[in-house]
Amino acid sequence: MTLLQLKYIVKIVECGSMNEASHELYVSQPALSSSVKELENELGIEIFTRSSQGIALTVDGAEFLTYARQVLDQASLLEERYKNAKPRKQLCSVSTQHYMFAVEAFVEMINSTKSDEYEFTIRETRTKDIINQVANMLSEIGIIYLSDFNKDVIGKMLREKHLEFHPLFRAPLHVFISRNNPLAGKKKVTMDDLKPFPFIQYEQGEEGSFFFAEEAVWPEYSPKQINVTDRATILNFIIGLNGYTVCTGIDNGDLNNEKIVTVPLDTDETMLVGWITNERAKLSKAAETYLEKLKSVVSSHGYNLID
């Protein structure tokens, strides 16, 4: 079955005769009749009844005509979308853990866009959702991290979903704390130092586990623990409740440096931050630009990129 055959059927119905339709379609009547017969044989139905008075749609033919018109309408929309000489709207979707540098790169990517029309999406969300969104092609790129603790579980999940992890940089662990916190002046802090303060972490949902946590380390026991879903809330709680969270240590303009500081965490653990893609999909031009900006932003914060 071809679109041309569907167009033949619709035109025959519009003209009311095979002869007139052949003239409008610029094909011979025998060729037109043969094409219709081939289609009927392929589908196992009779589309037209033929008599000395001409042709008429059968019951099956009337139903087929409805579907044929829908298919041709959809084909017409595709042609308008992709054959239009006007530059197409740029599209790009990124899913990420709650990293300020990922948003900073997204802003730079948008600012560099020369297109008059675009539709970009960035989702700061849970680790498992990031993986699923890239697997289902809802996002082209996902920003996550691997550690010695989670790399086997996350790696297995990525392989099962045909996703590739591309290392970006390795970050020693830091904590975000209030500038008024008594630990703010220390060169390094330990998890024992942080025990008196509320531990704030990103909530990972009912199916979440430590393997999907955004924090690479956490206290063995914290009498004060707060779960949040967005970055603005976690920063407000650090200031208002004198809490802390574990992070890469990269900050930018979103971080109120008058009220929040980053302090290195005394641990050998690190975060291997990278981006994931679907091995069955090709990145859009906008997504490639985003990766360029992401690398530039990370470098500007003093981190060495991994080739």
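Residue numbers start at 1 and run along the sequence shown. Computation of the quantities below employed the complete heavy-atom set of this structure, encompassing side-chain atoms and omitting hydrogens, waters and symmetry-equivalent molecules.
Of the N and O atoms on the side chains of Thr229 and Glu203, not one donor lies less than 3.5 Å from an acceptor on the other residue. Of the N and O atoms on the side chains of Asp230 and Thr233, at least one donor lies less than 3.5 Å from an acceptor on the other residue. Thr190 and Asp193 form a side-chain donor-acceptor contact under 3.5 Å, judged by distance and modelled atom types alone. A donor-acceptor contact closer than 3.5 angstrom is absent between the side chains of Arg123 and Thr96. When only modelled atom types and interatomic distance are considered, Asn132 and Lys161 share a side-chain donor-acceptor pair under 3.5 Å.
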Next on the checklist: side-chain contact (heavy atoms from CB on, under 4.5 Å) for Glu124 and Gln97? Distances and angles first, verdict last.
Outcome noted: CA-CA 5 Å; Glu124 287 188 319; Gln97 292 176 323; over 6 Å; no
Item to check | Steps toward side-chain hydrogen bond (donor to acceptor under 3.5 Å, both in side chains) verdict (Ser95, Ser139) | outcome: CA-CA 6 Å; Ser95 295; Ser139 287; 2.6 Å; yes
Next on the checklist: Apply side-chain hydrogen bond (donor to acceptor under 3.5 Å, both in side chains) to residues Ser284 and Glu140 and explain how you reach the verdict.
Outcome noted: CA-CA 8 Å; Ser284 65; Glu140 293 185 74; 2.8 Å; yes
Next on the checklist: Could you go through Ile250 and His174, starting from their C-alpha distance and side-chain angles, then the distance that decides it, and tell me whether this counts as side-chain contact (heavy atoms from CB on, under 4.5 Å)?
Outcome noted: CA-CA 9 Å; Ile250 296 182; His174 291 69; over 6 Å; no
Next on the checklist: Evaluate Leu72 against Lys7 for side-chain contact (heavy atoms from CB on, under 4.5 Å), listing each step before the verdict.
Outcome noted: CA-CA 8 Å; Leu72 291 174; Lys7 290 177 181 178; 3.7 Å; yes
Checklist entry - side-chain contact (heavy atoms from CB on, under 4.5 Å) between Leu138 and Ser93: does it pass, once the steps are laid out? => result CA-CA 7 Å; Leu138 295 174; Ser93 294; over 6 Å; no
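Remark: Leu173 CG to Thr262 OG1 distance equals 12.5 Å, nearest 0.5 Å. Atoms OG and CG, on Ser296 and Leu305 in that order, are 9.0 Å from each other to the nearest 0.5 Å. Atom-to-atom distance recorded for Ile234:CD1 and Arg231:CZ is 10.0 Å, nearest 0.5 angstrom. Distance check, rounded to the nearest 0.5 Å: NZ of Lys151 to CZ of Phe165 gives 11.5 Å. Atom CH2 of Trp275 is separated from atom CG of Leu283 by 6.0 Å, given to the nearest 0.5 angstrom. Rounding to the nearest 0.5 Å gives a distance of 11.0 Å between CG of Asn278 and CG of Leu158.
Within 6.0 Å of atom CG in Asn304, 12 or fewer heavy atoms from other residues, nucleotides or ligands are found, so the atom counts as exposed in its surroundings. The neighbour count for Asp268 CG, taken as heavy atoms of other residues, nucleotides or ligands under 6.0 Å away, does not exceed 12.
Within the 3.5 Å criterion, the main-chain N or O of Thr125 finds no donor-acceptor partner in the side chain of Asp129. The main-chain N or O of Met1 is found under 3.5 Å from a side-chain atom of Glu42 such that the two form a donor-acceptor pair. Not one N or O on the side chain of Asp60 forms a donor-acceptor pair closer than 3.5 Å with the backbone of Ile45. Between the side chain of Asn41 and the main chain of Glu38, no donor-acceptor pair closer than 3.5 Å is present. Panel note: side chain Gln5, backbone Thr2; a donor-acceptor pair is recorded below 3.5 Å.
Residues Tyr244 and Val263 form no side-chain contact, since every pair of their non-hydrogen atoms from C-beta on lies 4.5 Å or further apart. With contacts defined as side-chain heavy-atom distances shorter than 4.5 Å, the pair Leu272/Leu168 does not qualify.
When hydrophobic clusters are built by joining Ile, Leu, Val, Met, Phe, Trp and Tyr residues whose side-chain heavy atoms come closer than 4.5 Å, directly or via intermediates, Tyr145 is grouped together with Phe210. Linking ILVMFWY side-chain heavy atoms closer than 4.5 Å, directly or via other members, places Leu39 and Leu4 in a single hydrophobic cluster. When the side chains of ILVMFWY residues are joined at heavy-atom separations under 4.5 Å, either directly or via intervening members, Met137 and Ile141 end up in two distinct hydrophobic clusters.
Between Phe211 and Phe149, the ring planes lie parallel to each other; the angle is under 30°, not in the 30° to 60° tilted range. Between Phe106 and Tyr290, the two ring planes are perpendicular [angle over 60°; tilted spans 30° to 60°].
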Quiz: residues 19-30 side-chain donor-acceptor pairs under 3.5 angstrom, not counting sequence neighbours:
residue	atom	partner	partner atom	Å
Ser22	OG	Asn19	O	2.6
Glu24	OE1	Lys11	NZ	3.3
Ser28	OG	Ala31	N	3.2

Per-pair distances, 0.1 Å, donor-acceptor, side chain in residues 213-223, under 3.5 Å, sequence neighbours excluded:
residue	atom	partner	partner atom	Å
Glu214	OE1	His98	N	3.0
Glu214	OE1	His98	ND1	3.3
Glu214	OE2	His98	ND1	2.6
Glu215	OE2	Tyr202	N	3.0
Ser222	OG	Lys224	O	2.7

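Among all heavy-atom pairs drawn from Pro198 and Asn242, the shortest one is CD-O, 3.6 Å. Residues Leu294 and Phe101 come closest through the heavy atom pair CD1-CD1, 3.8 Å. Leu183 and Ile177 get closest at one heavy-atom pair: C-CD1, 3.8 Å. Minimum heavy-atom separation, Tyr8 to Ser35: CD1-OG, 3.5 Å. Residues Thr127 and Gln204 share a closest heavy-atom pair of N-OE1, 3.1 Å. Nearest approach of Thr245 to Ile200, heavy atoms of both residues: OG1-O, 2.8 Å.
With respect to the salt-bridge test (charged N to carboxylate O, under 4.0 angstrom), the residues Glu40 and Arg50 qualify.
Sorted pairs that involve residues 281-303 and meet salt bridge (Lys or Arg N to Asp or Glu O under 4.0 Å), not counting sequence neighbours, are lacking altogether.
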